[in-house]
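Scroll down for the structure; my scribbles are underneath it.
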Protein chains: 2
Amino acid sequence: MKRKMTIQEIARLAGVSKATVSRVLNNRGGVSPETRRKVEEVIRLYSYTPNLVARGLSLKRTSSIGLIVAHTAERLSSHLFFIEFLRGISALLDERGFRLIVATAESEDRYETSCRSMAEGGVVDGVVVLGVRRNDKRLRYFLRAGIPVVTVGRPIGFPRVDYVDVDNAGGARVATEYLLRLGHGEVLFINGPREHTASLAREKGYRAAFRALRREVDEGLIVYGDFSFESGYETVRGLLARGRAPSAVFAASDLAAMGAITAFKEAGIRVGQEVSVIGFDDIPYAHFFDPPLTTVRQPIYEMGKEAGRLLLLRLEGEAGPERLHKTFPTQLIVRESTIRS
Amino acid sequence: MKRKMTIQEIARLAGVSKATVSRVLNNRGGVSPETRRKVEEVIRLYSYTPNLVARGLSLKRTSSIGLIVAHTAERLSSHLFFIEFLRGISALLDERGFRLIVATAESEDRYETSCRSMAEGGVVDGVVVLGVRRNDKRLRYFLRAGIPVVTVGRPIGFPRVDYVDVDNAGGARVATEYLLRLGHGEVLFINGPREHTASLAREKGYRAAFRALRREVDEGLIVYGDFSFESGYETVRGLLARGRAPSAVFAASDLAAMGAITAFKEAGIRVGQEVSVIGFDDIPYAHFFDPPLTTVRQPIYEMGKEAGRLLLLRLEGEAGPERLHKTFPTQLIVRESTIRS
DNA sequence: CTTTGTTTTGAAACCGGTTACAGCAAGGAG
DNA sequence: CTCCTTGCTGTAACCGGTTTCAAAACAAAG
């Protein structure tokens, strides 16, 4: 373990001043070719790398950004969303020389201190907030501290915050229309929680599909769950128990769709042959499922990349005062859980 | 957006010196009660929090640790391992006031610069390395820079590096014995890659089970895959095509087990009724699968916590020169993919 | 050979904390 | 009343970089 070199020592060894070494390190002009060569030589010889903490203090920029994960990110669907998003954003950040600090928390109050210290400790230049909620308290911390924020999902109550989102309404509409056009008379809609922005948008899409085909929505066929496997399972089981078997299901998550399919299976009803089920997300397991799941794909990886891109745009000051945002299209992936009725 | 306060301004406002404010902030002694009260008052009033970058520079500790993810972490099983591990380690770090920096990289060379800058930039106090390989180059960087390392999986070639691991051999042995005791005459073993430490250990366990029951291993029934769904699927399909139907399969990953089951299903063979399949990992989907998968569970979350714990122990200098390590037991989770033959 | 302009270079201040050390005031002992 | 502790507080140096600014070196022009 060699002791860590400092810029001062390199300067001494190269026979120049700290300032000159700094200029060489940052490729600034105003250094004669021979001096530069000499300094570079010494740097290479001792394989010196600058201390990033000191640089951070001096520049008031740390080249690291925070990824704030919702405290409720315990559910599986969130997990898979998270990992894919993480891949996307870290690919971009890595490419641009930024580090990623991930903040999670077990409890509500720890969560708050964790956010505060991240907001005010000067360790991050900007943050991406996942699972943003209406009037999110976390956002206030960051905004008050003057830290640029990009949220995933349109942040209600914060008209000036940049965000990336997915076309939830469009995706839901396409899926619902697909089911209706397959000839299904009724489509059970297993939605997410009522408060969730995405749920609202998906419901809007569901209704739009009916309207487009001049059909009536049966309000009794819209139920609210929590995106979980269980919510899909219980909903279908309940309906079957009451003798009311829907011929098609559109679930607001793949997990709920899998739950629904499992309930059908247990009742001896073959999905993809007698009834149709469509999910939402296209989680990696969707195509291993039996039957392989027809679903609405979200480009999560791309959303991660874009969130990073927007944040860096903001950090580099190249963005104007207007809100930056990008909404991604969804794509209906037809597999084997759907059939003409 | 209020401007960020500095310790100097707080000192001025409280009518004391920086040193005193620092002492109050860090709960050091040698401050009179009334001065302390006064300073705390001002701190609260302006809701001042110290700049962590400056503190880091001064203390040469940043209270953040790095999580180094293998560049090959693109496979699904790694994903699920990763997310669970992340939950564990971040729970612990959060509790102890540490931040987590996640380093991934798309390409090999970017990966190297990313590791180097993390090793030498002074931004992390220690690192946890996932997916460690024989003579891992990354480890050398960190060790040379004098940064404490904990690896996940016993690091071959580094006899002094701390690590956490899981009892791969024991888990494999229990699973294999379970199948043999169910009366299965032959057990197909779909292993991971040959170079992988975990694969080797699991094979050892497989052989131990046969030895324990005084049975002969059929070498032709040990095949090497890559933990993927496809490797399980293709292996079983190939065997069935050659008319050689095993009555039991032990796969070194849940994903491979699912692939194997899918191949059986396609051939009209009912898993859990005619043949038995056991996986490894207990990924979150294992119990949603059809049939719910019998598998060897790894306590991944706990391993994440423990990795963090070991690292902090090392950082706090409370560990002696001997290697720290912990090997976790596995647990056979019996579900519905296994049956008495 | 000045004068002027342009590079190149280094000294010193700064970023915002921590801490060694010295000074000062108060209290107790002799 | 003096001397010594003891406790509290401030000064200044330090962590390792960046950057401003002025001086020095050099080249070109007059």
Side-chain angles (χ1 to χ4, degrees), chain A residues 2-40 42-43 46 48-64 97 117 119-125 145-146, chain B residues 2-40 42-43 46 48-64 97 117 119-125 145-146:
Chain A
K2 305 176 305 194
R3 222 184 59 56
K4 190 76 175 77
M5 282 273 161
T6 71
I7 199 173
Q8 180 63 55
E9 298 174 279
I10 295 296
R12 197 173 42 71
L13 288 164
V16 298
S17 72
K18 298 198 316 181
T20 301
V21 178
S22 175
R23 281 189 273 257
V24 171
L25 280 174
N26 299 291
N27 282 314
R28 293 241 182 301
V31 181
S32 74
E34 61 208 307
T35 308
R36 177 175 299 263
R37 229 193 15 74
K38 191 173 54 184
V39 173
E40 279 168 347
V42 176
I43 288 176
Y46 292 87
Y48 161 79
T49 51
N51 180 315
L52 299 175
V53 177
R55 175 177 282 173
L57 176 59
S58 187
L59 293 177
K60 294 166 178 295
R61 294 189 274 107
T62 56
S63 287
S64 39
S117 87
E120 296 165 20
V123 288
V124 295
D125 298 344
Chain B
K2 304 176 306 193
R3 221 184 57 58
K4 189 75 176 76
M5 281 271 161
T6 71
I7 198 173
Q8 180 64 263
E9 298 173 281
I10 296 296
R12 198 173 42 72
L13 289 164
V16 298
S17 74
K18 296 198 316 180
T20 301
V21 178
S22 176
R23 282 188 272 259
V24 171
L25 280 174
N26 299 292
N27 281 316
R28 293 240 182 302
V31 181
S32 75
E34 62 208 307
T35 308
R36 177 174 298 265
R37 230 194 12 75
K38 191 174 53 183
V39 173
E40 279 168 348
V42 176
I43 288 176
Y46 293 86
Y48 161 78
T49 51
N51 179 316
L52 299 175
V53 176
R55 174 177 284 173
L57 177 58
S58 187
L59 293 177
K60 295 165 177 292
R61 293 190 276 106
T62 56
S63 288
S64 37
S117 87
E120 297 165 20
V123 288
V124 294
D125 297 344

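Any value given below was found using the heavy atoms of this structure, including those in side chains, with hydrogens, waters and symmetry copies removed. Convention: sequence-line order gives letters A, B, ...; per-chain numbering from 1.
Residue B:Ser17 places no side-chain N or O under 4.0 Å from the OP1 or OP2 atom of D:dT9. The phosphate of C:dG16 (OP1 or OP2) has no side-chain N or O of B:Thr6 nearer than 4.0 angstrom. Between C:dT18 and B:Asn26, a contact under 4.0 Å exists linking OP1 or OP2 to a side-chain N or O. For D:dG17, one of the phosphate oxygens OP1 or OP2 lies less than 4.0 angstrom from a side-chain nitrogen or oxygen of A:Tyr48. In this structure, A:Ser32 does not reach the C:dT7 phosphate: none of its side-chain N or O atoms is under 4.0 Å from OP1 or OP2. Between B:Thr35 and D:dT9 there is a side-chain polar atom (N or O) within less than 4.0 angstrom of OP1 or OP2.
Protein atom CG of A:Leu52 is 10 Å distant from nucleotide atom P of D:dT18, rounded to whole Å. Between A:Ile7 atom CD1 and D:dT19 atom C1' the separation is 12 Å, expressed in whole Å. Rounded to whole Å, atom P of D:dT18 lies 12 Å from atom CG of B:Leu57. Rounded to whole Å, the distance from NZ on B:Lys4 to P on C:dC14 is 20 Å. Nucleotide C:dT8 holds its C1' atom 8 Å from the CZ atom of A:Arg23, rounded to whole Å. Atom CE in B:Met5 sits roughly 11 Å away from atom P in C:dG17 (whole-Å rounding). Taking atom CD of B:Gln8 as the reference point, atom P of C:dG16 lies 10 Å away to the nearest angstrom. If you take CZ of A:Arg61 and P of C:dC14, they are 20 Å apart, rounded to a whole angstrom.
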Run the side chain to side chain contact (heavy atoms under 4.5 Å, CB included) test on B:Val21 and B:Arg12 for me, step by step, so that the C-alpha distance in whole Å, both residues' side-chain angles and the decisive distance to 0.1 Å come before the verdict.
CA-CA 10 Å; B:Val21 178; B:Arg12 198 173 42 72; over 6 Å; no
The test is side chain to side chain contact (heavy atoms under 4.5 Å, CB included); show your working for A:Ser22 and A:Ile7 and say whether it passes.
CA-CA 8 Å; A:Ser22 175; A:Ile7 199 173; 4.0 Å; yes
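Across all strands shown, A:Arg28 has heavy atoms under 4.0 Å from sugar-phosphate atoms exclusively, and none from any base. Within the 4.0 angstrom heavy-atom criterion, no nucleotide atom of any strand lies near B:Val53. B:Gly121 comes within 4.0 angstrom of nothing in the nucleic acid, heavy atoms only. Residue-level contact check: A:Leu59 touches the backbone only, with heavy atoms under 4.0 Å from sugar-phosphate atoms and none from bases.
Side-chain N or O atoms of A:Asp125 include none that pairs as donor or acceptor with a backbone N or O of A:Arg61 at under 3.5 Å. For B:Asn26 (side chain) and B:Arg28 (main-chain N/O), no donor-acceptor pair under 3.5 Å exists by modelled atom type.
The minimum heavy-atom distance linking B:Ala14 with B:Lys38 is given by the pair O-CE, 3.3 Å. The two residues A:Tyr48 and A:Thr6 have their closest heavy-atom pair at CE1-C, 3.8 Å.
Side chain of A:Thr20, nearest nucleotide from C:dG17, D:dT19, C:dG10: C:dG10.
Residue A:Lys18 places no side-chain atom within donor-acceptor reach of the base of C:dG10, judged by atom type and a 3.5 Å distance cut-off alone.
Mapped onto DNA chain D by nearest heavy atom, B:Ser58 and B:Val31 fall at different nucleotides, with B:Val31 at the one closer to the 5' end. Looking at which nucleotide of DNA chain D each of B:Ala19 and B:Lys60 is closest to, the 5′-most match is held by B:Ala19.
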